[in-house]
Amino acid sequence: MSTATKPGSFRNENSNLRPTAEGVHRLLGMTDEEYESVVGILGRDPRPAELAMYSVMWSEHCSYKSSRRHLGRFPTEADWVVVGPGENAGVVDLGDGWLAAIRIESHNHPSFVEPYQGAATGVGGILRDVFTMGARPIALWDQIRFGPLDEPKNRYLFKGVVSGIAGYGNAVGVPTVGGEVEFDPCYSGNPLVNVMCLGILRRDQLVLGTAGAPGSIAVLLGKATGRDGIGGASVLASASFDEGSGEKRPAVQVGDPFEEKKLIEACLELYEKGLVVGVQDLGAAGLSCATSEPAGRAGVGMNVDLDAVHTRETGMTAPELLMSESQERMMAFVAPENVDAVLAIADKWEIDSAVVGEVKAGKTLTIKYQDELVAEVPAASLADDAPLYDRPSARPDWLDGVQARDFDGASLDIAETLLALLADPGIGSSAWVHEQYDHMLFLNTVVGPGSDGNLLRIKGTDKAMAVSTDGNGRLCYLDPRIGSQRLVYEAALNVAVTGARPLAVVDNLNFGNPEKPEVMWQFIESVEGMSEACEVLEIPVVGGNVSFYNETEGVDIHPTPVVGLLGLADPAPADPPRLSRAEPGMEIWEVGPVASSNLAGSSVQRLFGELGGKPTAPDPAAAKRSIDLAAVLAHQAAVLHDISDGGLAVALAEICIASGVGAAVHADHPFNEDPHRFLVVAAAGTLDLPEDFARRIGSIGGDVITINDSVVQLTPASDRWHNALPDAVAG
Amino acid sequence: MKTAVVVFPGVNCEHDVVHAITALGGEAELVWHRETDLSEFDGAILPGGFAHGDALRTGAIARFSPAMKEVERLAGEGAPVLGICNGWQVLCESGLIPGAHIANRDLSFICRFVEVEVVDTDSVLTRGTEVGQRIRIPLNSYEGNWVDPSNEGRVVMRYVDDPNGSQGRAAAVTSAAGNVVGVMPHPERATDALLGSTDGLVLLESFLNSLVPA
Amino acid sequence: MKVTVTIDRRPEIADPEGTTVLRALHDLGFTEATAVRMDRVIHMDVDGDDPEIVRARVTEMCRQLLANPVLEDFEIEVSR
Amino acid sequence: MKVTVTIDRRPEIADPEGTTVLRALHDLGFTEATAVRMDRVIHMDVDGDDPEIVRARVTEMCRQLLANPVLEDFEIEVSR
Ligand SMILES: Nc1ncnc2c1ncn2[C@@H]1O[C@H](COP(=O)(O)OP(=O)(O)O)[C@@H](O)[C@H]1O
Ligand SMILES: [Mg+2]
């Protein structure tokens with residue numbers, strides 16, 4: 001399990017309850033009913049270590065107990081899906097024997113507690129999910145959301161998270177090629193830190209999280225185990241051993257990118273040499289998960305000897321060893337005859353390794369520690385018998401009121417508004433962030449950060465992978481279903497403008513407290529909207545993550561699903577469109593449906609501290625049409641730029657700033673953010689575009705940006721855009 | 001003629017360097033840092049990355065790797081030895097190039113294209129260039145800030161602007177003999193128009209043309 | 001006044017760098033080294049003539065900026 | 001034995017971290033701070049019973065690995 005928001009133990013951290021023998025399961029975030037079903041499964045009261053295992057495996061984060069039944073709604077099938085949801089990462093076929101593995105995770109609460117380490121260990125976790133599949137991680141994306149930067153605390157969190165991602169990603173040697181940053185008051189007490197990883201592998205190197213057949217050996221690779229990230233276990237330990245002294249706060253996990261880098265190289269060598277039958281990473285629920293899940297998947301049992309686990313601290317109890325979230329660890333399942341070879345490769349890469357268990361016939365997971373039987377449970381029960389909740393959901397009663405608000409943009413001064421938008425840290429250049437990230441390593445980054453989608457070539461082929469990640473909490477707050485549909489369509493358009501066709505989606509569902517019917521409703525609507533859009537585009541959801549309990553003092557964040565969309569350009573454009581390729585004399589076209597006056601949820605509303613109205617619903621036919629058209633035009637045009645935050649005005653300004661040249665256009669609703677629209681810039685007369693779907697709106701030239709009859713000088717526009725984020729960070 | 005690309009644990013640019021060298025028709029081979037015999041190689045490149053996780057100081061631990069004895073031998077025999085980014089830091093720690101590296105002036109990691117200017121063509125890296133030649137090439141480092149109290153390091157390329165505070169705006173420095181060079185920006189990242197620049201080619205060509213059969 | 005702030009990572013917090021340095025010492029044959037923790041020390045000059053006031057202010061600096069309360073403990077020495 | 005090695009950057013060598021921290025302190029209103037140097041402390045456990053021998057060995061560790069003579073001076077304290 002990777003370590004994201006863990007409501008159970010997060011509440012425990014703040015709990016000042018004194019442990020009592022019978023209340024221990026509550027301290028571990030377990031309800032009395034859940035405790036009873038453990039008793040039911042075992043036919044007796046659980047031992048401390050067993051209770052520890054069930055409590056982490058049945059936590060919201062690991063068991064998806066509130067979300068599971070709704071995630072089933074996602075379309076997950078397609079001919080090119082090799083591995084769908086259920087494994088550590090989704091895997092799709094790219095052709096020519098290449099597969100792509102992709103996964104997204106959140107590390108929201110840990111990043112609030114300690115921004116640098118929280119973000120760093122988030123990166124470490126998502127990398128492991130990908131190289132667990134046999135893939136070499138080749139790129140990372142970060143989707144990060146904070147409260148406004150005029151609050152010092154938010155600046156501290158933002159800077160800490162960015163340097164944590166840089167510190168880990170750069171040192172582990174995986175480029176961070178894109179992502180998104182959003183600022184909104186709703187994230188002030190609960191920043192969102194999501195990270196996505198893409199890996200590639202040859203078909204024959206695919207590895208799954210299975211324990212294999214009886215007789216195979218469990219080898220624990222990597223970092224020594226310490227009391228990292230343990231909330232409940234120490235409480236539990238002290239409850240059962242020294243009554244009372246259960247106040248230990250969990251040790252903050254510290255990321256070690258150097259160890260992870262060695263672990264990646266060692267694992268890849270193991271895969272290359274075909275030395276493992278299965279691999280499972282260790283994250284949340286550490287050893288509890290890395291033993292029970294692979295055994296459960298393979299329908300076998302396992303004997304585990306905790307004394308063999310290499311530890312960083314002395315005197316660790318069995319529950320602590322089983323719950324520890326120490327980073328940079330992997331469990332490899334190996335045929336007996338290959339164990340020596342595996343240990344030798346671990347030595348070569350200078351990582352620690354230990355034989356900790358053996359797969360057995362039957363279905364029982366038996367764990368011994370210091371000559372004592374500490375756990376004897378049905379292996380599969382920890383995952384399969386996890387509670388499943390159908391939490392009540394109800395449409396928020398405040399929603400009608402919010403959707404009824406109207407906001408009139410007609411009277412806006414175009415020049416002033418554009419300059420104000422360009423100076424918005426959420427819209428201005430993200431260079432302050434992405435220049436702290438190595439985004440060039442591996443020589444694949446054809447289209448890097450600061451564009452709609454990223455294009456990564458696959459060396460030795462003429463294909464390229466295109467990726468976009470998109471979230472928009474404000475739209476989803478106004479209408480979670482429409483908002484979520486629009487995320488999928490926007491992401492698809494973003495990869496299309498690089499010349500790619502959509503292949504698959506991963507999603508990260510960041511929501512508030514699922515015990516509130518309104519939040520549950522938002523969640524269900526969002527899953528529904530995302531599913532509908534994926535069905536229209538005929539793309540599967542191959543993986544994702546759910547993060548609930550994103551609330552502070554009872555106030556939930558905006559529902560913030562984040563979509564990561566993988567596309568394939570085959571062949572990749574020889575000279576892909578770039579924002580910087582506009583030249584004087586070129587024509588500017590607006591492609592897609594005609595903009596309306598609707599500004600619900602738009603960036604302009606944010607400028608005025610407003611959030612209301614009902615966002616324009618996407619039009620599936622138009623969505624498909626612009627995505628298909630963009631993918632074709634990407635092989636012909638100089639610039640393709642999707643129209644989103646800040647509308648056409650900002651999209652045009654970004655082209656002018658990147659190309660260092662002005663432009664003049666006409667646009668009826670320059671700040672409207674209706675979906676499925678993009679700008680095309682090309683040499684005059686070189687494109688023929690369908691009249692009913694594309695409008696020539698002006699041309700490139702001069703040193704001013706002219707929209708209708710409003711004029712903005714290029715230089716001040718450029719300065720605002722470049723300085724927006726650095727100035728905000730400086731405070 | 002063959003170039004050894006030395007792989008310390010934590011290094012990450014090794015495959016990119018091999019890719020660029022091979023694309024230029026050169027021959028490069030990865031060599032694990034525990035290797036004790038580089039006699040079949042005519043030169044060596046220490047690629048960028050985070051050898052030993054930059055523990056203690058960048059390059060501090062890597063310099064003790066067995067392979068470095070052989071790199072020192074090659075350097076002593078006048079063979080071309082190039083340290084890129086972290087590789088340069090290793091060369092400084094091992095004393096093959098004067099000075100050391102500290103954190104960038106503004107304490108932030110810098111990954112972006114920068115412009116450098118050739119100021120000295122008497123080195124295995126700049127042999128094929130001309131004094132005053134401008135080169136657009138990606139920088140990618142946190143500790144790119146070179147200091148040399150001895151003032152013995154010979155600067156062969158300077159940053160046009162001053163991104164990191166490096167002494168004398170040094171972007172590349174050579175040993176007295178000119179066969180051992182450390183460069184902070186990444187030539188291998190500027191070898192393909194599709195990725196933004198081909199200015200690094202002339203530098204790697206200079207290196208390859210400097211190889212002489214052992 | 002001269003102030004020395006010693007900032008130590010809490011014992012239960014992992015110290016990857018220390019682990020790497022220890023490994024390197026062993027490789028170099030310094031096998032008698034059995035544990036290494038890498039910590040920080042900050043040397044400051046601070047205006048003021050009352051050591052107690054200076055200490056109080058520096059404590060505040062540590063709380064707000066110099067030390068990370070989640071990971072580190074700090075110790076302050078004030079001298080002339 | 002417990003050994004504390006303090007590694008101080010030579011005064012003539014720039015200290016970007018110290019400079020940045022000093023600026024940050026001033027921004028926070030701690031204007032009485034007039035100079036800041038960021039240095040490192042290495043806490044070690046070293047086997048041995050003769051403090052002098054331990055000191056000699058640790059001195060050797062510093063010469064070879066722990067300190068870089070171009071940048072740094074070191075100081076060693078040995079205690080039980
Ligand atoms: N929102 C989601 N959409 C699709 N699949 C999901 C979602 N959330 C979780 N999953 C899938 O459930 C499986 C289990 O997730 P998880 O327990 O978080 O795995 P890990 O232990 O690697 O973190 C994964 O395959 C993941 O892709
Ligand atoms: Mg996983």
Side-chain angles (χ1 to χ4, degrees), chain B residues 8 51-66 68-69 72 86 88-110 141-153 162-170 173 175 182 184, chain D residues 2-31 33-47 54-78:
Chain B
F8 307 99
H52 298 276
D54 278 355
L56 209 51
R57 300 175 307 276
T58 57
I61 297 173
R63 90 168 234 235
F64 293 103
S65 292
M68 282 307 291
K69 302 240 171 329
E72 281 158 24
N86 187 234
W88 179 11
Q89 295 158 341
V90 176
L91 291 176
C92 283
E93 282 282 337
S94 44
L96 290 172
I97 291 181
H101 294 83
I102 62 174
N104 294 341
R105 180 195 47 226
D106 300 332
L107 274 198
S108 75
F109 191 95
I110 302 173
S141 54
Y142 183 83
E143 265 128 344
N145 187 347
W146 178 70
V147 293
D148 176 21
S150 76
N151 290 307
E152 284 164 3
D162 178 9
N164 54 16
S166 185
Q167 181 172 320
R169 299 207 318 278
V173 172
S175 61
M184 193 47 56
Chain D
K2 301 259 167 241
V3 180
T4 306
V5 180
T6 317
I7 296 183
D8 293 349
R9 182 168 292 181
R10 293 248 172 83
E12 70 269 21
I13 305 286
D15 174 21
E17 276 190 73
T19 321
T20 310
V21 169
L22 183 62
R23 207 182 309 121
L25 284 172
H26 289 171
D27 290 351
L28 289 172
F30 295 107
T31 46
T34 58
V36 175
R37 302 281 301 181
M38 307 286 282
D39 293 307
R40 313 204 62 168
V41 177
I42 306 178
H43 297 289
M44 299 203 283
D45 297 348
V46 182
D47 287 343
V54 167
R55 174 182 303 280
R57 289 289 285 172
V58 174
T59 308
E60 199 41 42
M61 298 180 199
C62 290
R63 289 229 178 81
Q64 283 189 41
L65 175 69
L66 300 180
N68 177 342
V70 177
L71 302 173
E72 301 160 330
D73 303 316
F74 59 87
E75 230 176 69
I76 300 171
E77 270 173 53
V78 182

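Naming: A, B, ... by sequence-line order, numbering from 1 per chain. Quick caveat, the model's predicted, so the values are computed rather than measured.
Taking every heavy atom of both residues into account, D/P16 and B/A103 meet most closely at CG-O, 3.3 Å.
Proximity of a side-chain donor or acceptor of D/R40 to a complementary backbone N or O of B/L56 within less than 3.5 Å is detected.
Annotation for D/E77: atom CD does not count as buried by contact number, only 12 or fewer foreign heavy atoms lying within 6.0 Å. Within a 6.0 Å sphere centred on CZ of D/R10, heavy atoms belonging to other residues, nucleotides or ligands number more than 12.
Both the backbone and the side chain of D/A14 have a heavy atom closer than 4.5 Å to some heavy atom of chain B. For chain D, the nearby part of B/N145 is the side chain; its heavy atoms alone come within less than 4.5 Å. If you measure heavy-atom distances from D/E12 to chain B, you find no contacts under 4.5 Å at all.
A distance of 7.5 Å separates CZ of B/R57 from CG of D/L66, quoted to the nearest 0.5 Å. Separation of atoms CZ (D/R23) and CG (B/L107) is listed at 8.5 Å; rounding is to 0.5 Å.
Between D/V70 and B/P149, the closest side-chain pair of non-hydrogen atoms falls below 4.5 Å.
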Trace of the side chain to side chain contact (heavy atoms under 4.5 Å, CB included) decision for B/R105 with D/T19: CA-CA 9 Å; B/R105 180 195 47 226; D/T19 321; over 6 Å; no

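Comparing D/I13, D/L71, D/L65, D/I7 by heavy-atom pairs within less than 4.5 Å of chain B, the highest count is held by D/L65.
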